[in-house]
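Structure first, commentary second.
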Number of protein chains: 2
Amino acid sequence: MQDKINDILKKNHLSITEARKKILALFWESGNAMAHGDIEQKSSEEFDRVTIYRTLQTFVEKGIIHTIPTADNSVRYALCKDECGAGHHHDDHVHFICDDCGTTYCIDEVSVPKVKLPKGFKAAQTDLVISGTCNKCEQ
Amino acid sequence: MQDKINDILKKNHLSITEARKKILALFWESGNAMAHGDIEQKSSEEFDRVTIYRTLQTFVEKGIIHTIPTADNSVRYALCKDECGAGHHHDDHVHFICDDCGTTYCIDEVSVPKVKLPKGFKAAQTDLVISGTCNKCEQ
DNA sequence: AATATTTTGCAACAAAGTTGCATTGTTGTA
DNA sequence: TACAACAATGCAACTTTGTTGCAAAATATT
């Protein structure tokens, strides 16, 4: 896995540092989306808050991760698929946020339906965010 | 218009205060969605920040306004249609955020398509937010 | 008009995010 | 491998955003 992570960083012309390796690994391991706070906790204060902010920002710019909008003012981040590149995000899958456990899922199976907009409106990015109960919290 | 505003407040069992009247009027006049900051500016510091926070919170609870999630960590608020009531929001329309001018529109003409989720996932609310260029910024 | 109830503003605080700069770590080259 | 050039990090200080408790003011109720 370490190799995979180094590859991603190299491909994006980023120098390989402890913070970047660790944070990327966290995304990889968790599988789900994470908020800034989650990362801060999971890295057990190994890095400065500022470093985490800057690392996330860099990753978004390079198209390694993407943001997921939420209604509660807490942006989350998730790994992008391979098709995403610097400045171009292609995350046309649905995001699901569990109201119970707070987990954010990327529902890759479902793709975002095309929407016809009124005249003059040009879509650049489409975010479909569904909240409710996930399959673990549902009994 | 003042009557309409008073009606809305009465219907929702809210006492009629300057702050509530003014903030509701702002939503009515602007037509578009507003972030907390917009309201603070447009009311030209007539009210305390705290009052605005609490008023918005109350309005959301009563179903007078609804939140629109955005990818940049700045939740916006917009007037609900009549069908919305306390605790029940029915805002199945698309939201559009212009990357140029920042305006947030409620695209009432388009309704959010139903999405089939994997087993065990139960949807409570669906938000479809599209960003791009609006009909005013598009030349 | 007088009292009970809500709402507001203030102050103090907590959390989230940003910026500049010196120090440290990383990279490419000799 | 050692060195210089460059980039990333940590620290401190700060700004912005959001929250809470409480006394004062406004609103509603009788």
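Letters go in sequence order (proteins before strands), and every chain restarts at 1. Please read these numbers as outputs of a predicted model, since none were measured by experiment.
- Closest approach to the Tyr53(A) side chain among dG17(C), dT27(C), dG18(D) is made by dG17(C) (side chain taken as heavy atoms from C-beta onward).
- The distance from the CZ atom of Arg76(B) to the NE2 atom of His95(B) is 11.0 Å, given to the nearest 0.5 Å.
- Put simply, CD1 on Ile52(B) is 13 Å from P on dC10(C), counting in whole angstrom units.
- Between Arg20(A) and Thr58(A) there is a side-chain heavy-atom pair separated by less than 4.5 Å.
- Leu56(A) places its CG atom 14 Å from the P atom of dA8(D), with the value rounded to the nearest Å.
- Rounded to whole Å, atom P of dA15(C) lies 16 Å from atom CG of Asp72(A).
- The interatomic distance linking Lys10(A) (NZ) with dT26(C) (P) rounds to 14 Å, in whole Å.
- Atom C1' of nucleotide dT20(D) and atom CD of Gln57(B) are separated by 12 Å, given to the nearest angstrom.
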Under the criterion side chain to side chain contact (heavy atoms under 4.5 Å, CB included), I'd like the reasoning laid out for Val110(A) against Leu128(A): C-alpha separation, chi angles, the key distance, then a yes or no. CA-CA 10 Å; Val110(A) 185; Leu128(A) 181 48; over 6 Å; no
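- The CD1 atom of Ile65(A) lies 11.5 Å from the CD1 atom of Ile8(A); values are rounded to the nearest 0.5 Å.
- Rounded to a whole Å, the CG atom of Leu9(B) is 18 Å from the P atom of dA26(D).
- For Asn12(B) (side chain) and Leu14(B) (main-chain N/O), no donor-acceptor pair under 3.5 Å exists by modelled atom type.
- Contacts of Lys122(B) classified as side chain to side chain contact (heavy atoms under 4.5 Å, CB included), with partners at least two apart in sequence or in another chain: Thr133(A), Glu138(A).
- The CD1 atom of Ile16(A) sits 13 Å away from the C1' atom of dG28(C) (whole-angstrom rounding).
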Atom pairs, protein N/O to nucleotides 4-8 of chain C N/O, distance under 3.5 Å:
unit_1 : atom_1 : unit_2   : atom_2 : d
dT7(C) : OP1    : Ser15(B) : OG     : 3.4
dT7(C) : OP1    : Arg20(B) : NH1    : 2.9
dT7(C) : OP1    : Arg20(B) : NH2    : 2.8
dT7(C) : O5'    : Arg20(B) : NH2    : 3.4
dT8(C) : OP1    : Thr17(B) : OG1    : 2.8

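- One atom, NZ of Lys21(A), and another, P of dA8(D), lie 15 Å apart when rounded to the nearest Å.
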